[in-house]
Amino acid sequence: MTALSPAPHKMSARGVSVFYGDKQAVKDVSIDVDMDKVTAFIGPSGCGKSTFLRTFNRMNDTIASARVTGEITLDGADIYADDMDVVQLRARVGMVFQKPNPFPKSIFENVAYGPRIHGLAASKSDLEAIVERSLKRAGLWEEVKDRLSDSGTALSGGQQQRLCIARAIAVDPEVILMDEPASALDPIATAKIEELIHELRGRYAIVIVTHNMQQAARVSQRTAFFHLGQLVEYGETDNLFTAPREERTKDYITGRYG
Amino acid sequence: MTKPASPAAHAPERQPTDWKSAAMQKRIRRRYAAERRFRMLGAGAVIVSAAFLAFLLVTMVAQGWRGFTATELALPLDLKAAQLKVTREQLNSPAADLALASGGLEEAVQNAAVTAFGPDGASFLAPSAWVWVRDAVKRDPSLLERRATINVPAATGFDQALTGDGDAAMEAGVARLTRQNAIRRGFNWTFLHESDSTDPVAVGIWGALKGSLMTMAITFLIAFPVGVLSAIYLEEYAPKNRWTDLIEVSINNLAAVPSIIFGLLGLAVFLGTWEIGGRVYGPMLPRSAPIVGGVTLALMIMPVIVIASRNAIKGVPPSIRDAALGIGASPIQVVFHHVLPLALPGILTGTIIGMARALGETAPLLLIGMRAFIVTPPGSFTDPATVLPVQIFLWSDEVSRGFVEKTSAAILVLLAVLLAMNGLAIYLRNKFETRW
């Protein structure tokens, strides 16, 4: 579409449509996602932005009626190809969900689970180092370092969400997908998450879905506006919010609907 | 006004609601009355069911406790004088039982009773009393050479007379033996470690209890893994189409099939024979054995376990599955690391309910031959055996009055096993639920 950088993209979507049974939820969307950048998907409820996000790590596979057409590539390789291992794909493209969903296990086990199933830690001390590094990157280490064996579900909502982020980065992903990660949190916890997204930007390609336009403006470098399953406008965040090219984008960001 | 205005604009001005009017007060009173009525109905229902349960327990305990007690008579014996035709060598051989029986032991015991308790003394002893003497002699052969007093079981009629419920001759005997201080009452260990017998004094529940435990073991080993694996497959892997719908409906219907039908199925499939091409095949399993009973009951409770397990698996929040899939867990890792541990309390509860149903089941076992008269506990899964509810059924059919209290006592044993199983279910559920 527009405003694409010339370097090879981390992930690219070309002509992607998603169907739930006969209903088309996402219509012919093409978009590129790059390293060191935060890409925000905004749009009114039901516009297909979350559904589109879930095509990036094939989470729609778990919904029996969902069907995806078009092409999505990770480092140039089609992720819907037969030889793509979906388990490895999801390790490389991590996900943080709308509602904090830590496992009903200890804080340590929550973070250690991913490295363990992918065999990333050579020893127990190695695993402990991974857990510590992940919790530090997620900005949670200072708060939980003395109670790693407590249940992850006993933390506050904001801490739970940062634990989920730590869990996602523990498997060393290249892309992190965030599906409205702060919508269930209070303003202070939200601010912490946004700060964290800033810090993580240098290491990962981050895609965040949000219905909060201020949040998109604060955290992202690029913004895509979705409406009724279509990608209406995609560009640099500063341009999109100050000088939208499309009438619908302008209506949305000025609060006419949403 | 180009647009039609809302209807409220045309409606007459409403009076402010008078919350204290008589009509309102009446509504409030009616509401409270309905509340009170419903609460009383609920409490009444609880009281009725508790009363039924209490009635059942009180009747069973009142009738059954005597089944756990034994009346014994201290019988003075002089076996040296009886001059039994038994040698020491015979006593140490495996044929000792036969040697003592043919050596005139039974007659000697009866003579001793006449000597000790009067001319009708022999009728005070249980018909199997000499067996106690035989076992005592086998334990201590020196009894053949000296005088001794051995406790032997009293006859059923004598036991009844002791409670004031016997015939005149027996009551006279009770009075006489009480004076002689020959009556002993105590806990009936025989009942706990013997098996079925024709003499109510000599019967025990151990054979049926062991048969039940072995049958349950087979049932569990088959029904639990098959049921849980089916549930996991149907919930987590099977495509949702017409075939899986059909399977689901069939399983639900199977759970409602009367148990005797499963008995017929077991009879036809496991004990039946087929003639194919001139050769006769089958039966697959031995009759009357815990293995065939266990397999039949496993078929019966499998649908219960499948339904309970599916519900438990369905109850695991989808967000947990998403979380695990989202960091790259494979479907089997999602199931075994996350879904099963969280569903386990529900699965265990359903399994134990199914097992409790199997434990109390009689009808299908009657059809596959587990109603035989069996005097020795089963030594292996292929030995003939009976189970607790069938034993209760058999004893309730007996003519001798001594079996009445034994039947109630057996029911108490069955209830105790059931309570123990339910207790285990509650313990396991609480143990695994604290992790959530």
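Order of the sequence lines sets the chain letters (A, B, ...), proteins ahead of strands, with each chain counted from 1.
- Taking a 6.0 Å sphere around OH of B/Y237, one finds it holds more than 12 heavy atoms contributed by other residues, nucleotides or ligands.
- In this structure, B/A323 and A/F103 approach most closely via the heavy-atom pair CB-CE2, 3.7 Å.
- With a 6.0 Å radius and a threshold of 12 heavy atoms from other residues, nucleotides or ligands, B/L57 has its CG atom above the threshold.
- Put simply, the side chain of A/R90 does not reach to within 4.5 Å of the side chain of B/I327, judged on heavy atoms.
- Contacts of A/R92 with chain B are absent, with no heavy-atom separation under 4.5 Å from either backbone or side chain.
- A heavy-atom distance below 4.5 Å is not found between the side chains of B/R321 and A/T62.
- Residue A/P173 does not touch chain B at all, counting heavy-atom pairs closer than 4.5 Å.
- Residues passing the ring-ring contact (aromatic ring centres under 6.0 Å, His included) test with A/F108: none are found, sequence neighbours excluded.
- Closest of all the heavy-atom pairs between B/H338 and A/K105 is CE1-CE, 3.7 Å.
- When heavy atoms are compared at a cutoff of 4.5 Å, A/V93 approaches chain B solely by way of its backbone atoms N, CA, C and O.
- At a heavy-atom separation below 4.5 angstrom, chain B is approached by A/G114, A/I117, A/H118 within residues 114-138 of chain A.
- Screening residues 45-56 of chain A for salt bridge (charged side-chain N to carboxylate O under 4.0 Å, His left out), with sequence neighbours left out, gives no hits.
- In this structure, A/E199 places its CD atom where more than 12 heavy-atom neighbours from other residues, nucleotides or ligands lie under 6.0 Å away.
- B/I320 has its side chain within reach of A/P104: a pair of non-hydrogen atoms, C-beta onward, lies under 4.5 Å apart.
- For B/K240, there are no salt bridge (charged side-chain N to carboxylate O under 4.0 Å, His left out) partners two or more places apart in sequence or in a different chain.
- Distance CD/B/Q333 to OH/A/Y113: 5.0 Å, rounded to 0.5 Å.
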